[in-house]
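Take a look at the structure set out below.
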Amino acid sequence: MTEDIPSDHPRHDSLVTRHRIEAGVDAGITSRQGLIAEGRGEAFDYLLGEETIPSADDAERAAAAQLLLAEHPVLSVNGNAAALVPEELVELAETVGADLEVNLFNRTPERMEAIADHLQAHGAPDVKGLDADERIPGIDHERARVDADGIYDADVVLVPLEDGDRAEALAEMGKVEIVIDLNPLSRSPRTAAIPVIDNIIRAIPNITAHARSLESAERDELEAIVADFDAERALHEAEERIRTGAGQEQ
Ligand code: ATP
């Protein structure tokens with residue numbers, strides 16, 4: 001299906017993304033709610049100009065520095081992230097020394113297994129989330145389940161497309177959260193230490209690229225990048241772009 005879309009089609013990337021989500025649903029990786037999430041994301045991305053705006057690039061650099069500074073970074077993977085960027089997530093995990101953990105809002109054993117298998121088929125040596133032997137305090141049973149030696153133990157967690165409640169609960173546990181979400185008004189990026197207002201398709205490879213270029217940086221330099229990042233400003237600039245088109249070329 002994807003190969004039928006001409007590469008010069010004005011909505012090429014958006015259509016490819018949509019097809020990947022459809023294929024994710026067919027493969028039992030993405031939930032039906034994931035289709036709705038995709039639709040919401042597409043609308044915001046359209047208004048952002050379907051590009052990484054400068055403040056999102058800053059956030060992606062800060063995210064890379066934060067992941068490199070972490071003792072135990074974990075990349076949380078849901079059904080949309082697994083359908084859209086499986087290989088890119090494996091590459092980022094490898095670059096910053098992070099664990100990958102499947103963590104679903106609509107958790108079923110079949111979907112957990114399908115996502116873990118999908119990540120492994122894309123090169124992940126180990127995937128966490130299936131043990132689910134700990135809980136995030138303050139949220140209801142199924143959504144709270146995490147691995148004791150994964151998200152529960154992590155100091156820095158990257159959560160793409162997270163729901164607001166769980167993002168708040170993770171922040172209350174003292175985790176440093178990096179949230180990728182196209183909606184700057186959503187609660188999850190507003191809870192994050194580092195909100196990345198960008199499409200996960202562009203964000204993950206760009207965080208990896210920044211991490212590679214910072215690999216030999218001193219801790220001081222990484223700490224300064226994180227300290228200089230202004231979350232409020234990043235949220236504000238994304239909202240400005242969406243509401244007014246400020247800074248857009250055409
Ligand atoms: P909250 O509880 O945080 O307010 P919500 O109800 O707004 O969440 P959902 O509809 O559950 O959010 O989740 C979808 C979110 O994921 C939306 O904010 C949407 O913009 C975002 N999203 C969807 N696709 C992508 C994508 N490819 N990259 C980044 N973000 C995306």
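Keep in mind it's a predicted model, so treat the numbers as computed, not measured. Values below: every heavy atom of this structure, side chains too, minus hydrogens, waters and symmetry copies. Counting starts at 1 for both ligands and their atoms, in listed order.
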Within the protein, is there a heavy atom lying under 4.0 Å from atom 7 (O) of ligand 1?
yes
Looking only at protein heavy atoms, which one is nearest to atom 23 (C) of ligand 1, and how far off is it?
A37 O, 3.1 Å
Can you tell me which residue and heavy atom of the protein come closest to atom 10 (O) of ligand 1, and the distance to 0.1 Å?
R40 NH1, 3.0 Å
Any salt bridge linking E38 with R20? Criterion: basic side-chain nitrogen under 4.0 Å from a carboxylate oxygen.
no
Are the charged groups of D58 and R233 less than 4.0 angstrom apart, N to O?
no
Note the single closest protein heavy atom to atom 17 (C) of ligand 1, along with its residue, its atom name and the distance in Å.
D181 OD1, 3.6 Å
Closest by any non-hydrogen atom to atom 3 (O) of ligand 1: pick that one out of S14, S186, P184.
S186
For ligand 1, which atoms, with element, lie under 4.0 Å from some heavy atom of L84?
27 (N)
What atoms in ligand 1 come closer than 4.0 Å to a heavy atom of G41?
19 (C), 20 (O), 22 (N), 23 (C), 24 (N)
Could you pull out the closest heavy-atom pair between I115 and G79, with the gap in Å?
CD1-CA, 3.8 Å
Is there a donor-acceptor contact under 3.5 Å linking the side chains of H210 and D57?
yes
Let me confirm one number: the CD1-CG distance from I200 to L84, rounded to the nearest 0.5 Å.
6.5 Å
Does I201 have a non-hydrogen atom less than 4.0 Å from ligand 1?
no
Looking only at protein heavy atoms, which one is nearest to atom 28 (N) of ligand 1, and how far off is it?
I200 N, 2.9 Å
the protein heavy atom lying closest to atom 27 (N) of ligand 1 turns out to be N199 OD1, 2.8 Å
Check each atom of ligand 1 against the heavy atoms of N183 and keep those under 4.0 Å away; list them by number with element.
18 (O), 20 (O)
Under 4.5 Å between side-chain heavy atoms, counting indirect links through other Ile/Leu/Val/Met/Phe/Trp/Tyr residues: same cluster for V90 and L68 or not?
yes
Element-labelled atoms of ligand 1 that are located less than 4.0 Å from some non-hydrogen atom of G164
1 (P), 2 (O), 3 (O)
Give the intermediate values and the outcome of salt bridge (Lys or Arg N to Asp or Glu O under 4.0 Å) for residues R243 and E239.
CA-CA 6 Å; R243 287 191 191 278; E239 190 180 340; 2.8 Å; yes
For D198, atoms of ligand 1 separated by under 4.0 Å from a heavy atom:
28 (N), 29 (C)
Is there a donor-acceptor contact under 3.5 Å linking the side chains of N103 and N78?
no
Is D163 paired with R143 through a side-chain N to carboxylate O contact shorter than 4.0 Å?
yes
Which residue holds the protein heavy atom closest to atom 25 (C) of ligand 1, what is that atom called, and what is the gap in Å?
L182 CD1, 3.7 Å
